[in-house]
Protein chains: 2
Amino acid sequence: MSTIKINVREKLLEAAGPVFSEKGFEKATVREICQKADVNLASVNYYFGDKEQLYLEVICLAKQMGVSRAPLPEWTENTPPEQKLEDWVVTLVRRMLGTGELSWSNHLIMREVLRPTQACEHLVQELFRPFVNIADKILLEILGDDVPDYRRMQCIFSIAAQCQFYRVSGGLVTLMLGQEEQKLHYNTEQIIEHILQFSLAAIKNLKHEYLSSEIESSSSLNRI
Amino acid sequence: MSTIKINVREKLLEAAGPVFSEKGFEKATVREICQKADVNLASVNYYFGDKEQLYLEVICLAKQMGVSRAPLPEWTENTPPEQKLEDWVVTLVRRMLGTGELSWSNHLIMREVLRPTQACEHLVQELFRPFVNIADKILLEILGDDVPDYRRMQCIFSIAAQCQFYRVSGGLVTLMLGQEEQKLHYNTEQIIEHILQFSLAAIKNLKHEYLSSEIESSSSLNRI
DNA sequence: GCTTGTTTAATACAATTGTTTAAAACGGTG
DNA sequence: CACCGTTTTAAACAATTGTATTAAACAAGC
């Protein structure tokens with residue numbers, strides 16, 4: 001007797017998430033959402049005013065789920081920065097490539113990244129910028145403060161770009177490789193391992209570059 | 001007397017390119033295209049059958065323009081592979097981030113990458129796979145054949161990912177950085193330079209990894 | 001000049017969209 | 001039971017879409 005009467009608002013929010021994520025704002029229809037939520041067609045306008053307001057609330061919901069779904073692990077004072085960076089990348093890839101029941105939130109957030117609306121600014125402030133700031137601190141630990149700020153940000157972008165690639169261009173990757181090749185060498189764990197190794201090498205090289213330019217002559221070990 | 005009578009077909013193709021690129025297939029309307037082309041509404045169906053056929057022909061046109069717009073430079077036998085890789089990256093970034101009058105073709109192709117339709121398979125075969133094969137040969141020159149094939153492909157994906165990032169998430173980058181910061185350190189040339197340095201360091205490290213694992217024990221079986 | 005095939009034009013059509021409306025159903029409260 | 005505010009329902013509305021239709025304009029050949 002307690003669950004048969006669920007709030008219509010909640011039913012709408014739950015039903016709208018996957019639909020918006022799959023179809024996008026424009027192609028998603030109020031009729032399909034209401035049908036999936038098993039409520040009357042007029043309910044969206046009754047409870048949310050219009051379709052766009054419903055969308056904004058769904059985005060907010062997706063943001064909360066995205067954080068709680070794949071949280072960063074706890075670190076102690078002497079956790080090495082390389083370990084932190086690995087955790088950070090793992091978390092990012094998990095959030096981006098996560099599959100399963102709740103993956104609609106990832107898709108929806110990615111849609112906002114690819115084609116920002118007014119909701120994206122909210123995501124930047126509440127989700128992206130804090131997450132990037134964490135990576136920035138890690139890189140500061142690894143690189144030291146001789147490397148200028150914008151160079152760290154470029155590295156963060158390069159890492160995030162690789163994670164994003166497999167989410168965004170997954171269809172292309174499937175078309176480029178055979179499907180058996182993809183299943184062999186492109187599961188989530190191997191993708192993570194490659195991104196980490198690739199990026200860590202580049203970062204370490206950046207550090208050496210600034211080290212050697214500081215010492216100038218004595219260091220003969222610049223890696224390239 | 002010669003130019004006042006342009007083919008209606010061509011007018012439609014030229015007008016449809018920017019519209020499809022800006023709005024996407026679904027949101028682009030036949031009415032807007034016909035209005036921009038200054039032809040009658042029924043012309044699309046008369047010359048192309050339906051909207052989708054027009055779209056396919058526009059994609060084909062975009063592919064041709066994309067290649068001719070930013071071609072790869074000519075190489076001689078003794079062009080060093082690092083130079084080739086730089087040319088390759090420069091070409092890819094130019095094709096992806098290219099602005100100006102003809103940039104609608106880039107946008108349109110990127111739309112196909114992000115959400116592949118049947119037209120994408122054509123793009124893979126005619127545009128992406130040949131271009132990736134070139135990079136694969138370059139990396140083979142740099143890395144040698146001790147590095148397995150899929151590792152080269154992972155590197156290519158990582159490079160392409162970084163190029164794609166600034167095209168795909170340009171709006172996000174603008175939101176994350178201040179606009180003045182973006183204009184300072186994120187113009188095309190600096191993006192290219194960073195991607196090159198970042199990726200080349202990672203690739204060289206990969207080479208050293210396989211070199212050392214080869215030398216340290218004569219048996220070549222101890223990869224994992 | 002008339003005929004014939006091709007192109008252009010204006011309009012109509014059927015389907016789908018978000019939104020509104022007005023009445024019915026519901027749930028307490030006196 | 002009667003009343004009243006809230007919620008739900010079915011239907012309608014206005015706008016927009018791709019496409020079809022039908023007739024007019026045109027060009028070319030005889």
Side-chain angles (χ1 to χ4, degrees), chain A residues 1-62 104 108 111-112 115 117-119, chain B residues 1-62 104 108 111-112 115 117-119:
Chain A
M1 288 304 246
S2 58
T3 56
I4 60 169
K5 169 64 179 178
I6 318 178
N7 218 351
V8 175
R9 261 189 75 99
E10 285 184 23
K11 285 208 287 185
L12 272 175
L13 281 173
E14 278 181 28
V19 177
F20 277 134
S21 137
E22 193 181 351
K23 311 282 183 71
F25 176 76
E26 322 269 357
K27 281 210 77 184
T29 72
V30 176
R31 278 170 173 81
E32 182 183 356
I33 292 172
C34 289
Q35 188 184 340
K36 291 245 166 69
D38 198 37
V39 301
N40 186 266
L41 168 62
S43 304
V44 165
N45 293 80
Y46 182 77
Y47 282 100
F48 296 92
D50 59 358
K51 185 187 176 186
E52 186 169 4
Q53 195 58 37
L54 168 63
Y55 178 75
L56 292 181
E57 299 214 21
V58 169
I59 286 280
C60 235
L61 189 68
W104 63 264
L108 196 52
R111 272 186 189 278
E112 273 296 318
R115 208 151 295 273
T117 71
Q118 69 173 102
Chain B
M1 289 303 247
S2 59
T3 56
I4 59 168
K5 168 67 180 177
I6 316 178
N7 218 351
V8 174
R9 261 188 75 99
E10 285 184 24
K11 285 208 286 186
L12 272 175
L13 282 173
E14 279 182 29
V19 176
F20 277 134
S21 138
E22 193 182 352
K23 310 281 184 73
F25 177 76
E26 321 269 358
K27 282 210 78 183
T29 73
V30 177
R31 280 170 171 81
E32 181 183 356
I33 293 172
C34 290
Q35 187 184 341
K36 290 245 168 70
D38 200 35
V39 300
N40 185 266
L41 168 62
S43 304
V44 165
N45 293 77
Y46 181 78
Y47 281 100
F48 296 92
D50 59 358
K51 184 187 176 186
E52 186 168 5
Q53 196 58 38
L54 169 62
Y55 177 75
L56 291 180
E57 299 215 22
V58 169
I59 287 281
C60 236
L61 189 69
W104 63 264
L108 197 51
R111 271 186 190 278
E112 274 296 319
R115 207 151 297 270
T117 72
Q118 67 174 104

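In what follows, chains carry the letters A, B, and so on, assigned in the order in which the sequence lines appear, proteins first and then strands, with residues in each chain numbered from 1.
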Heavy-atom side-chain contact between Asp50(A) and Gln53(A) under 4.5 Å: yes

Inter-residue atom distance Ser43(B).OG - Ile33(B).CD1, 0.5 Å rounding: 11.5 Å

I'd like to compare against my own output: the B/S/- annotation of nucleotides 15-20 of chain D with a strict under-4.0 Å heavy-atom distance to protein. --BBBB

Counting Watson-Crick and G-U wobble pairs with both distances under 3.5 Å, what is the dot-bracket string for DNA chain C, 5' to 3', using [ ] for crossing pairs and | for pairs to another strand? ||||||||||||||||||||||||||||||

Minimum heavy-atom separation for Pro18(B) and Ala15(B), please, with both atom names. CD-O, 3.5 Å

So do the side chains of Leu12(A) and Tyr46(A) get within less than 4.5 Å of each other, counting heavy atoms only? no

Atom of Lys51(A), atom of Glu26(A) and distance for their closest heavy-atom approach: NZ-O, 3.4 Å

Would you mind reading off the distance between Gln35(B) atom CD and dA10(C) atom P, rounded to a whole angstrom? 13 Å

Answer yes or no: is there a donor N or O on one side and an acceptor on the other, between the side chain of Arg111(B) and the main chain of Ser21(B), under 3.5 Å? yes

Rounded to whole Å, the NZ-C1' distance (Lys11(B) to dT8(C)) equals 11 Å

Phe48(B) near the nucleic acid: base, sugar-phosphate alone, or nothing, with a heavy-atom cut-off under 4.0 Å? nothing

Between dA9(C) atom P and Leu12(B) atom CG, what is the distance in whole Å? 12 Å

Rounded to whole Å, OH of Tyr46(A) lies from P of dA25(C) at a distance of 17 Å

What is the distance from atom CG of Leu13(A) to atom OH of Tyr47(A), rounded to the nearest 0.5 Å? 12.0 Å

Assign the ring pair Phe20(A) / Phe25(A) to parallel, tilted or perpendicular, where the plane angle (0 to 90°) is split at 30° and 60°. parallel

